[in-house]
Each structure stands twice: as structure tokens, then as C-alpha cells.
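Just follow the structure's listing: the first ligand is 1, and inside any ligand the first atom is 1.
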Amino acid sequence: MDWPILALLTIVLTPLGTAQPRVDVTKRFDCYPEAFNRPLTEGDCTARGCLWAETHYPREPKCIYGNNYGYAMVAGSREETSAGFRVRLNRNNLPPKYSSSPDVQEVTLDVEMLSDNVLRFKFYDASTARYEVPVPVNRPGTPATNPAYAVELVTEDGKPFGIRVTRTATGTILWDSSVGGFTFSDQFLQISTLLPSRYVYGFGEHEHATYRHSMDYRTWGMFSRDQPPGPPGDDGTPPNLYGVHPYHMCVEDDGNAHSVLLLNSNAMDVTLQPEPALTYRTIGGVLDFYMFLGPSPEEVTQQYTQLIGRPFMPPYWSLGFQLCRYGYNSLDRMKQIYDENRQHDIPQDIQYGDIDYMDRQIDFTIDQQNFPGMNDWVQSIRRDGTYYITILDPFISANETDYLPYTRGTDMDVWIKDGDNPGQIMFGKVWPYLPNITMDPNAPWETVVGEYAAHTAFPDFLLNSTKQWWVDEIQKFYTEKLQFDGLWIDMNEPANFILGSVNGCSNNKWDQAPYKPRFWGAVLADKTICMNSQQGGTVHYNTHSLYGWSHSVPSQRAMRQATGKRSVIISRSTYPGSGVYTGHWLGDNTSKWPHLHTSIIGMFEFNLFGIPYVGADICGYFNDVTPDMCQRWMQLGAFYPFSRNHNGKGYRRQDPAAWDGQIAAASRAVLLTRYRLLPYLYTLFHHAHTAGSTVVRPLMHEFIDDKLTWTVDRQFLWGPGLLISPVLDEGALDVTAYVPKARWYDYYTGEEVAETGRMVVWDCDMDCIPLHLRGGYVIPTQEPANTTVFSRRNSLGLLVALDAEGRAEGSLFWDDGESIGEFIYLNQGGFSFEPPVA
Ligand SMILES: *[C@@H]1O[C@H](CO)[C@@H](O)[C@H](O)[C@H]1NC(C)=O
Ligand SMILES: *[C@@H]1O[C@H](CO)[C@@H](O)[C@H](O)[C@H]1NC(C)=O
Ligand SMILES: *[C@@H]1O[C@H](CO)[C@@H](O)[C@H](O)[C@H]1NC(C)=O
Ligand SMILES: *[C@@H]1O[C@H](CO)[C@@H](O)[C@H](O)[C@H]1NC(C)=O
Ligand SMILES: *[C@@H]1O[C@H](CO)[C@@H](O)[C@H](O)[C@H]1NC(C)=O
């Protein structure tokens, strides 16, 4: 929502003391962010040394920074470096004194022009090393010779020091931090900048109601958390979720796009406000920014994934339909549901087991009572062309006798250590149960956690020894117990069912940080381990949000080693760079209609984040789904790159065969359409893997000149050529869709869409999902079958949709679908075939 009224503000500020100049109240930066849910008085504000100015609008901060607060450049400190320059900044010691966190008096700013389109600027403590994110980045190979940007240091009187970045081609100011509030203290780092437009996308992981952000003073916390999408908190913002992506794209008013990454892994929040402006507040590390100049949204994404790593190339079969639920509870039930879906001819490539296949939910075990003969059955469906993905959680029970994963891990010293008892293992409690207990199946949660849950140790995946241990354990499990094809890594925020540890958390500077960014939970250690736990040579406080990323690195290595194939991993928690190793499902969503819409936004965001192998749990995870919702969700989910129907324990069955013939038939029909289009989807993944393009694409990525596309988030594209306009609302039998200006053809009838560049309404009965082919594109297809093993034996085809000039182009990537480094390379005149996977 825009903020139209600011210019009408007529508040006059009384300067507080002589050092403070008059403040421009149209640019208000919150000096008391932690007071968002309680009344703040003028006295509180002035006691902190901030300025008080009444407001008329909800959420607009009343207590704001003065203009001069911040740092000043040390005269003559500028020195040239190999890729840019370095300056020193000195704290100007004006109020406010924000918190008890000691200020860093001298800060260094490094500006590096990494390439013509990539700029880095990094603020760090001039004298003391601080935590820096260990995720490797690939510096661009070609240095800047003709940069698309100019960097200027603002040292004007009456303004605090700031850095200003301009797009040279247009003169648009992309970043201007000379607005006050810059803070660099030990546990509170803050920087604000003006933005060039109110078209801001990204930041994660949250459930966003619209793809384009509201600039209406919204604050988004980022700290990985075992938290399902839920209702908004006190400030109207929904909770932070499993992953952390301090990354956003901004589309300037003229349609050029740029993006910014803050490479920092500490707990943080960002505030988006109407000036338009943005404030980052993080509680540790350094302020290490990367800016990508695009100028198109696709180029922005390509430049970003060049730096953090291109997404992995998923095997062909992993693009097939996937079936899962938590709570099959027995192999017989799993078999029965699998067989029923086969009897209904539902195309399915992948079957899953959730944690109920394990013995007392303990990794690397199989419940022999309820899942006897599990591996034999898995091998039998694999022989029929179905693949099997298994789940593994990160935490390991410490209460078993003869449980080698734990003893070997202890021998290799792989565990996160207790911050209060040097050298001792930090224990939490999660899924694994104790041995030799009698469990009441109806016991309340408190009893389950208090009495049944075992002590669990948490692997420190930042250590090489731990990576090796994990690879070895997976290899052993694979060889000795279960041959599977892919891995699902869950609970890796990391989640903990008790606060901090079995001993709670002590009162220490990490667990009691002076500023708690605005996110779910009363304290940082809520639902996770103590912040002072020792991990990766530092405190968990610094590494927390990297846990999922660090878990995915050896998981991919393990699966490639065990299977000898590319394999596939999905991870619940992600961080920039995770896409190199894993895909992501959008978490424990609920069976409710609005989640159909927000899943499209989630897909857009994860494509921006370089994790294009993404989708939500089709038909929803929590709660019972209704038949209509499930049918519409199957239609939508048939176009998720990661297409899995997954259900929570105890909820009504929702697999395609669970329903009457109509839903099964509609599911089969739409999945056959998906399977027909898989050569196209696979080729899009090849482009993502080699060039960093998006797979699921917001309309604006293709039609940036048409501003009406900038807010479309109820429809999506596969690559440039296929438009998907699903029904998202209860009871709806039509779709209101935007058809961008181009030539479009109905996928089913070939009929050309008469009117473009406007909203249209298409009738759409329960069996319909509108699909449109864009003129100018060739889409490779293949006759579908019940699995990709069989569909890949069928004939290939081409859908050629001509543009206004009667032309079309396209490409096809083809290989054996799963090998590492082997491929079949085809080329034919007039139709370009892409080079192989590296
Ligand atoms: C589980 O293991 C931990 C760590 O060794 C130990 O402290 C605890 O007493 C054990 N619990 C039970 C019920 O055996
Ligand atoms: C659990 O019981 C089995 C036999 O019933 C025994 O061998 C094992 O030692 C017991 N484990 C623990 C931790 O008490
Ligand atoms: C961990 O392994 C990586 C690559 O295998 C190596 O570059 C790095 O130096 C190792 N780290 C330590 C602390 O041994
Ligand atoms: C589900 O939750 C994820 C976060 O895990 C969010 O990004 C996504 O939009 C939600 N999806 C649905 C279907 O609501
Ligand atoms: C899938 O289709 C193939 C070929 O039509 C057939 O041989 C096979 O039995 C089917 N598989 C299943 C599990 O239905």
C-alpha cells in the first residue's frame, strides 16, 4: 500500500539542545524500535537523546533520530585499494546513546567495485575482528571497467556521513544512507537508506500477503525459526519463519531493477517505510553489503546467483509428482495409499517417508514393528520406476545403548557444546524418544517433551569433522538399511522443543542481547538452543541462521556419494547460498484458501533467493482440507517446480486417490499436463543452474515496461513462455487475470487471446486451470506417463507459438536425467539446444 499523505505533514519540531539541527520530519527513522507494542512517552524518548515529534498515522515513529547522529569521515583517510577505496569513520558521539552495547569508535568502510554490475561496501570495526559469515561467495571474474554505478561519500554539513550509490545511466540514486541513525556497536548495528521507489520485493522467510512489499512502516524479523506461517503479531507483521534471506530487489520507477544483499547472519529486522526508505538492524557481525545493478530483474537474479552460487541441477525425476504424509504410521498404510494412487493412475515419481518410519523418531533407524520389510518394499517400488525420499533430522539421541551414530559422533567431537560448561555437550529435546518407556498415545505435549523425549545432541555442521561424520552415517544407513534416492532435511533452524537446553540458558550477553529484533518469541533461544552454545569456533548467537545451510552442504555430498547420482535434497531452513545444495518446501502451511495465493508469493521469493526448486505442501499441511480446496490446490501445485502433496499427522487423507473419482480424475489430468511439459521445466532448471535465471517467474520479469505487471502475484510464468493463472478462491468458477501485451494462445485449444494489456475474466469450472503459451516461444514436450521413467521413453514434441512476426525460439536441455557430469547433447538447426550440465 502506498503512503500518500506524508507530504502534507506540517509538524514543527522543537530542536532539543543546540547540537541538533531541525529535523526533516518527512524522513523519520525510528529511535525506539523496541517500543512498537507499548506506549512510548516523550520522556522515554528524550531520555535516550532522540527527538520527539507527534504523528497522525499508525506505526509512524514518534521518537526519531536527529540528522547528525552517526559517524563522520576521518579527514584524509581515503586510500585507494585494488578494486576501490577505503575510508575511516569516527563516531561523532552525539546522542542518542542507543543501548548498553559498547560503540565501536572507529569503523572502516571498504568500497569494492567487483564488476560493472556488482558493488560491495562493507563497514567493519577498524581495530577488532568480528564475526563474518563463512558462506563462500564467488567474486565476479571481470573487474569493473565501466561500472553501471557511481559511489559517492556524503560528508555535507548538516548531514551525517553516508554512502550514496547512483545508477549512472539514469542518475537514479539507489542508496543514500546519509539520513541518520547509523550505529555500529558491539551488539546493535543499524543503517538506514533512502530507496529510489516503493517497488520492493524479497526479504525472507515470511509469509507475505503481497509480493510487492507494503512500505507502510512494516518491520520484518529475520532469524531462522521453527515457526509455521501464522497470524500477524502485535505490529501487524506475520512471524519470521524457517530461513533467513536479508536480500531484496527494488524496481526503480523507470523499470530498472537492482538488488541488495546484507551478508550478515545475526538476528536482525528490517523496517520498510514510505519515504521510501529501509532500515536494517542486526545484533552482531559486520555490515557487508552487495549490490547488483541488473538492470533487468532476471539480470539481477543472475548476478546474485553468480555471487552466492547457482542452484543445483535437479534430477529429472525430482520434477515428477511427489506424495507424502506425516502419520502413515505403518508400512501397510503407506503401501495401501501408494497402491490406491497407482490404481487411480495418478502420475507419481516420488514416495516419501516422514519421521514415523523411524524407531522412536531416531535418525538412522527403522521401526521394525510398524515398518517391517520397509527396504524390500522401497526397492520394489524403485524397480517399478518410483523414487524414494527419506527424512533425516539433525539432532541425535544421547540416551540409546549401542547407538553408533552418537558414539561415533562423540568420538569425532562433532557436537555443539554447552556455553556454560566448557567442553561439555549441549543437550536439547526434540523428536527422539527415550528407550524402554511406556507411552500414553494421548499424553499432552508437556508429558511428551518432559518425560518421553530423550536428550539430543546437535551436530555442529560448520566443522569439517561433522561434515565427514554426517556423510559417513548416511553412507552406512544407505548401505545397511535403506537404499533411497533423495533426502529431506527438516527441523534444521535448529528446532528445539525446550527453551535453550535441558538446563535452560544462563544470563549471558548473547542470550540477553540488549536489542531483540522484532520476531517471534520472547527471547532469542525460544524454540531453539542457547545463544551462548559453542559452535563453529564462535557462539551460536552468530551462526544460528546458518544451521540449515551448513546442514545442506554435507547432505548433498552424502547423497551424491551414496547414490552416485545427482540426487536431490530439500531443506526447511535456508540461507543465501543454500540453493547450490537444496530445494525448499514452503513449510508447514495450513489447509486454508489464502495459502494458495501466498504460495505463489513464496515461490517468487525463493526464485529471487536462488532456490528455484520450491513449492508449498499441496492441499496444506495443518488441518483438514476440503475437497474443493484440495482440487484447486492440486491444479496449482501441478505447476510448483517442487510438486508434493504432504499432510500433517492426524488430518484427513488428501492424496489424489483419497477422494471421489472427480478429484482423482482432475488431479490425474493436470499432472499429465505437468508431465507433458517437463522437458520445458527441466530446460528452465538448466538455465537456472548455468545462468542463474528464475524458473517460476513473476510477470514483471518478462514485461517490465508494463507497470501493471509489477504487482501481479496471483499468476505466474514458467520461464518466459507459459502463463499459469490458477483459481485461488473458494467457490470461484472464473479467474480474473492480467494478460500482458504479447501474443498469447490458450494451451488447450490453441485459440489466440483476443485482448491483451488488460484484466480479463475467464470462466473456469472445477476441472480448469488456465494455461497460455506466449507467442515467440517454442516449448519442448513429451508424451506423459505414470512416472518419468516411462514418460522419458515416449516421443518428444514441440509446441511452437508464433509471435506477431511469425517467429518463435526455444531450447531443450536433455541428458540421462540424473548422472553427475554425463549427458546427451543434441543439436538441430533452427532450434538451439543448450550445452550440458557441468
Ligand atoms: C540421557 O542422556 C543424558 C546425557 O548423557 C543424561 O544426562 C540423562 O540422564 C539421560 N536420561 C535418561 C532418562 O537416561
Ligand atoms: C532397554 O531395554 C533393553 C532390553 O529390554 C536393554 O537391553 C537396554 O539396555 C535398555 N536400555 C536402556 C537405556 O535402559
Ligand atoms: C575444511 O575443509 C575444507 C575443504 O575440504 C578446507 O578448505 C578447510 O581448510 C578445512 N577446514 C579446517 C579447519 O580444517
Ligand atoms: C507457507 O509458508 C512459507 C514459509 O515457510 C511462506 O513463504 C509461504 O508463502 C506459505 N505458503 C503458503 C501456501 O501459504
Ligand atoms: C506405469 O506405466 C507403465 C507403462 O505403461 C507400466 O508398465 C507400469 O506398470 C506402470 N506402473 C505403475 C506403477 O502403474
Can you confirm whether some protein heavy atom lies under 4.0 Å from [atom], or whether none does?
| atom | value |
| --- | --- |
| atom 5 (O) of ligand 3 | no |
| atom 2 (O) of ligand 1 | yes |
| atom 9 (O) of ligand 3 | no |

Verify whether one side chain among E818 and Y316 offers a donor that lies under 3.5 Å from an acceptor in the other.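 Y316 and E818 do not have a side-chain donor-acceptor pair below 3.5 Å.
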May I ask you to list the atoms of ligand 5 that are less than 4.0 angstrom from any heavy atom of N786?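 Once the distances to N786 are compared, the set is 1 (C), 2 (O), 3 (C), 8 (C), 10 (C), 11 (N), 12 (C), 14 (O).
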Those atoms of ligand 3 less than 4.0 Å from some heavy atom in N464: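 The list of qualifying atoms is 1 (C), 2 (O), 3 (C), 8 (C), 10 (C), 11 (N), 12 (C), 14 (O).
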Please say whether the positively charged group of K122, taken as NZ for Lys or CZ for Arg, lies over the ring of Y124, i.e. under 6.0 angstrom from the six-membered ring centre and within 45 degrees of the axis.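 Yes, a cation-pi geometry.
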Taking the cut-offs as 6.0 angstrom to the six-membered ring centre and 45 degrees off its axis, would you call R644 and W488 a cation-pi pair?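 Yes - R644 lies over the ring of W488, closer than 6.0 Å to its centre and within 45° of its axis.
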Can you list the atoms of ligand 1 that are under 4.0 Å from a heavy atom of F427?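 What qualifies from ligand 1 is 4 (C).
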Applying the side chain to side chain donor-acceptor pair (under 3.5 Å) test to E340, which of R342, Q336, H344 qualifies?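 Answer after filtering R342, Q336, H344: Q336.
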When you compare the side chain of L487 with that of I389, does any pair of heavy atoms fall below 4.5 Å?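 SC-SC contact between I389 and L487 ruled out.
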Closest protein heavy atom to atom 13 (C) of ligand 1, given as residue, atom name and distance to 0.1 Å: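 Going by distance alone, atom 13 (C) of ligand 1 is nearest to L434 CD2, 3.8 Å.
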Identify the protein heavy atom lying closest to atom 11 (N) of ligand 1, giving its residue, its atom name and the separation to 0.1 Å.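 Ranking protein heavy atoms by distance from atom 11 (N) of ligand 1, first comes N399 ND2, 2.9 Å.
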Check: N399 side chain, H455 main-chain N or O, donor-acceptor pair, under 3.5 Å: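 Pair found, side chain donor or acceptor close to backbone of H455.
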